[in-house]
Amino acid sequence: MTLIETVPGPDSRALRAPGVRMACLALLVAAVACADLFAGRGVTPEGAREVLLGGGDPTAEHIVLHLRLPRLLVALVAGACLGVAGLVLQSALRNPLAGPEVTGVTPGAVLGAVAATGLGLAGWESPTAVVVAACLGGFAGAGLLWLLAGREAGDPEQTAVYGVLVSAVLAGLTAVVLLVAPGELGSVVQWLIGSTEGRVWQHWNLLWPWAAFWGAAAWLLAGPLTLLRCGDEQASAAGLATGRGRGAALVCAVALTAGAVSAVGALGFVGLLVPHLALAVLGADLRITLPGAALLGATVVCGADAAAQLLSRLLATALDADRLTLPVGALTTFVGAGLLMVVARRRADER
């Protein structure tokens, strides 16, 4: 027996486990993407398959390639952005409830998009203006939170409390905008609920470079974020400048959230619950869990979009309505709220 054989090495199963789980998540993303591509109205699944194989009539080709496909891609990337943003926020603030929805980021982005739409500066037909307005609003909401938290920005509990207050104020301002410009209510309600309806290639071309840049930046911060999850004292002892590390992480989270909101509106509970699922499936190594959160976020949003389209078809048939559409944000909020209640009750029972 050689010396190499006698020295115990790492468990190969333990080394393969993250890779196997990531591969399974990638397959799951592919499955829900196929479901979303075939779930819409206007073209049957057989007709969509013909178009993908190079056939089909011009109408079916337009629906599949210019409506369904960009909608699918936008849903995937927006979900990935929200999943990563939520994990970054919860890690930087050490708070399991610090999702984009309750830290001023999502409400600020929605306010920016709504205000620009109400003033006639942006709209669903002008994606570039919407992206700019939503990003400005998201950064403004995060900046307001940072100003209010002040020296207590390093305290996760205080920051979370201020985040809830900032989110409430921004939501109130959004309601004021709706009162001032009630004629825009029909288009603005999509921002408030969240929808992938009407996404086109222009939305995709604006979203994916933004998501790729800030997603890569977030992954590069995996080490500092892992230290921040352990606490400021441990992070400082390891040589990390906690203030700078947390600030860089928050910038990434705000940018990712603003990009997603500018594309699909406010999808409730995605950024809050996906990080918990990613940590449960992939563990605490953020070098692996951050990409996993992106895959899970993409799966959740794309799967919810497919389910919303199928439910819309069923409801339209049952109610004999031609234009009945269930927004994907309504589905994510409904399911997310139920899951949050289940998690909260389980934790209460464990105590």
Side-chain angles (χ1 to χ4, degrees), residues 74 77-90 92-93 98-119 121-124 126-149 153 159-160 162-177 188 190-195 203 206-215 217-218 221 246-272 274-275 294 297 301 329:
V74 168
V77 176
C81 288
L82 291 174
V84 173
L87 182 56
V88 169
L89 280 174
Q90 292 179 11
L93 300 178
E101 303 89 346
V102 292
T103 50
V105 181
T106 295
V110 170
L111 175 60
V114 168
T117 303
L119 294 173
L121 302 176
W124 291 105
S126 54
T128 303
V130 170
V131 169
V132 173
C135 289
L136 290 176
F139 278 103
L144 180 58
L145 170 62
W146 198 259
L147 289 175
L148 289 177
T159 303
Y162 282 119
V164 172
L165 294 176
V166 168
S167 298
V169 170
L170 295 175
L173 291 176
T174 302
V176 171
V177 173
V188 162
Q190 298 184 69
W191 292 113
L192 302 177
I193 299 176
S195 175
H203 295 92
L206 289 169
L207 179 59
W208 79 260
W210 181 272
F213 176 83
W214 289 108
L221 291 172
R246 182 172 287 110
L250 292 178
V251 168
C252 288
V254 171
L256 288 168
T257 302
V261 171
S262 69
V264 297
L267 297 180
F269 291 96
V270 176
L272 182 62
V274 165
V301 174

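On a predicted model such as this, the values are computed, not experimentally measured, just so you know.
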Side-chain contact test, heavy atoms from C-beta onward, threshold under 4.5 Å: evaluate it for [X] versus [Y] and give yes or no.
X    : Y    : result
L111 : V177 : yes
L192 : V110 : yes
L89  : P100 : yes

**Request:** Look up atom CG in L82 and atom CG in L87, then write down how far apart they are to the nearest 0.5 Å.
**Result:**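 One finds 12.5 Å between CG of L82 and CG of L87.
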
**Inter-residue atom distance L145.CG - L93.CG, 0.5 Å rounding** =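 L145 CG to L93 CG: 7.5 Å, rounded to 0.5 Å.
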
Any donor and acceptor pair, going by atom type alone, linking the side chain of [X] with main-chain N or O of [Y] inside 3.5 Å?
X    : Y    : answer
W210 : A255 : yes
T257 : V254 : no
E101 : F269 : yes

Which atom of [X] lies closest to which atom of [Y], heavy atoms considered:
X    : Y    : value
G104 : S167 : N-OG, 3.0 Å
G141 : L170 : CA-CD1, 3.8 Å
A78  : A260 : O-CB, 3.7 Å
A249 : A92  : CB-CB, 3.9 Å
A217 : C252 : CB-SG, 3.7 Å
A263 : L207 : CB-CD2, 3.9 Å

**Message:** Restricting to side chain to side chain contact (heavy atoms under 4.5 Å, CB included), what partner residues turn up for V84, sequence neighbours left out?
**Reply:** V88, A218, L256, L290, A294

**Request:** Please identify each residue that fulfils side chain to side chain contact (heavy atoms under 4.5 Å, CB included) with L144, with sequence neighbours left out.
**Result:** L148, V166

